[in-house]
Amino acid sequence: MFGLKICKDLSTEYFRTNINGMSQIISLETPANFSFKYTVKSHGWSDLPPFELDEENRWLNYVFTDKNSGSAISARISDGGGKLYIEIPDTEFNQDKLLGDVGHILRLDDDLDDFYGAIEKTNGLAWVAKANAGRLLRSATVFEDLVKTLCTTNCSWSLTKKMTTNLVEKLGTPTADGKRAFPTPQALAEVSVDFFRNEIRAGYRSPYFAELAESAASGKLDPESWLRSDLPTAELKKEIKAVKGVGDYAAENLLKLLGRYDGLVLDSWLRAQFYKKHNGEKVCADKKIEKHYRKFRSWRGLAMWCDMTENWFDEKQ
DNA sequence: GCGTCCAGGTCTACC
DNA sequence: GGTAGACCTGGACGC
């Protein structure tokens with residue numbers, strides 16, 4: 001396992017450099033089969049604030065929150081071949097927590113050997129292991145991923161971006177350099193349903209957001225506990241679906257970000273991609289899609305995602 | 001510029 | 001368990 005443990009091990013080996021006395025750079029070792037490029041572009045999250053991706057200059061920006069102090073800092077993460085370099089302002093911030101969060105969002109502790117083994121003999125998927133793809137970018141908290149997933153339901157990607165941007169800009173903790181973190185459950189719980197409707201443009205989802213924020217802020221619901229849950233995936237899915245506004249698609253999307261790939265996360269886009277690639281552009285039942293990926297067992301959701309997003313990457317590594 | 005239609009996933013009521 | 005209609009927004013399109 002990489003992630004937190006390794007981050008702790010590295011905590012005494014920080015590589016610090018002052019840049020004009022304004023910022024410092026911390027380095028973090030990555031697993032041998034980690035690809036920065038394939039991870040940050042693994043799905044649409046890098047397009048949503050507080051993520052900011054610069055493909056040309058190869059860095060990913062994210063605004064981290066220190067839960068204890070309540071402060072937020074903007075961090076620029078870039079790849080240095082075997083290491084990540086994280087540039088942060090030269091200010092007081094819990095660096096162990098920051099490194100843990102970086103490991104979490106980039107899935108450094110994901111063990112994909114079994115997945116690569118499951119797909120290595122499958123025509124059309126060999127590139128995945130070769131490119132070290134398969135790590136799916138996620139937010140620093142499950143709560144943030146849950147809210148963002150709700151923002152993807154029943155709307156266009158542009159509306160998802162709009163809602164997420166409004167949440168961050170109107171309710172996120174500001175950083176010293178003018179950026180904002182994703183709002184905490186407490187910050188969301190302080191605004192009304194009308195605020196979600198009129199300011200966030202969440203439409204009919206507004207009461208769902210208000211209810212979710214209230215539950216998470218009061219401690220009645222603890223989305224972070226799902227990361228450590230021992231429940232079988234079907235049971236955990238049932239628990240996630242108990243959140244108003246979360247149906248099959250949203251629950252499976254969140255499970256995917258929790259590291260459980262049993263579900264295919266079928267939405268209209270994914271179905272259309274499958275019809276195009278494997279069914280002669282003809283519509284078919286979901287059961288046929290499920291049958292196609294059944295052989296990958298607990299990895300079927302990740303196998304399908306990689307299969308459908310193959311053409312997102314210009315050249316294979 | 002305005003009106004209309006459509007896509008998108010979930011909830012609720014009903015069978 | 002399956003199905004139909006409502007929910008709401010932004011984009012596309014026609015006028």
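Bear in mind the structure is a predicted one, so any value in this text is a computation, not a measurement. Worth knowing before you read on, the calculation uses all heavy atoms, side chains too, and leaves out hydrogens, waters and symmetry mates. Naming convention: chains lettered A, B, ... in sequence-line order (proteins, then strands); numbering from 1 in each chain.
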For this session: Taking all non-hydrogen atoms of both residues into account, name the closest pair between A:Ala126 and A:Glu120 and its distance.
Result: CB-O, 4.3 Å
Problem set entry | Sidechain N-carboxylate O distance under 4.0 Å for A:Asp262, A:Arg297 | no
Problem set entry | Check: A:Trp312 ring centroid to A:Trp305 ring centroid under 6.0 Å | yes
Exercise. Would you call A:Asp307 and A:Lys277 a salt bridge, taking side-chain N to carboxylate O under 4.0 Å as the test?
Worked result: yes
Exercise. Mapping A:Lys244 and A:Arg271 onto DNA chain B by nearest heavy atom, which one lands closer to the 5' end?
Worked result: A:Arg271
Problem set entry | Salt-bridge criterion met for A:Glu252 and A:Lys256 (N-O under 4.0 Å) | no
For this session: Would you mind reading off the distance between A:Leu254 atom CG and B:dT10 atom C1', rounded to a whole angstrom?
Result: 16 Å
Exercise. Rounded to whole angstroms, how far apart are NZ on A:Lys162 and C1' on B:dG8?
Worked result: 17 Å
For this session: Identify, between A:Arg197 and A:Ser158, the residue whose nearest nucleotide on DNA chain C lies closer to the 5' end.
Result: A:Arg197
Exercise. Checking all strands, does A:Ala202 fall into the base, sugar-phosphate, or nothing category for heavy-atom contacts under 4.0 angstrom?
Worked result: nothing
Exercise. A:Lys148 NZ to B:dG9 P: how many Å, rounded?
Worked result: 20 Å
Exercise. Going by modelled atom types, is there a donor-acceptor pair between the base of B:dG8 and the side chain of A:Tyr249 at under 3.5 Å?
Worked result: no
For this session: Tell me what A:Ser156 touches on the nucleic acid: a base, only sugar-phosphate, or nothing, going by heavy atoms under 4.0 Å.
Result: nothing
Seminar exercise, completed: Between CE of A:Met163 and P of B:dG8 the distance, given in whole Å, is 15 Å
For this session: Taking only Lys NZ, Arg NE, NH1 and NH2, and the carboxylate oxygens of Asp or Glu, determine whether A:Lys170 and A:Glu199 approach each other closer than 4.0 Å.
Result: yes
Problem set entry | Interatomic distance, A:Leu146 CG vs B:dT10 P [rounded to whole Å] | 12 Å
Problem set entry | Atom-pair distance (NZ on A:Lys241; P on B:dT10), nearest Å | 8 Å
Exercise. Does anyone know the first and last nucleotide of DNA chain C in reach of chain A, 5' to 3', at under 4.0 angstrom to a heavy atom?
Worked result: C:dC7 to C:dG11
Seminar exercise, completed: From CG of A:Asp248 across to P of B:dG8 the rounded distance in Å is 17 Å
For this session: Using atom CH2 of A:Trp157 as one end and atom C1' of B:dG8 as the other, report the distance to the nearest whole Å.
Result: 14 Å
Exercise. With the threshold set at 4.0 Å, does a side-chain nitrogen-carboxylate oxygen contact exist between A:Arg58 and A:Asp79?
Worked result: no
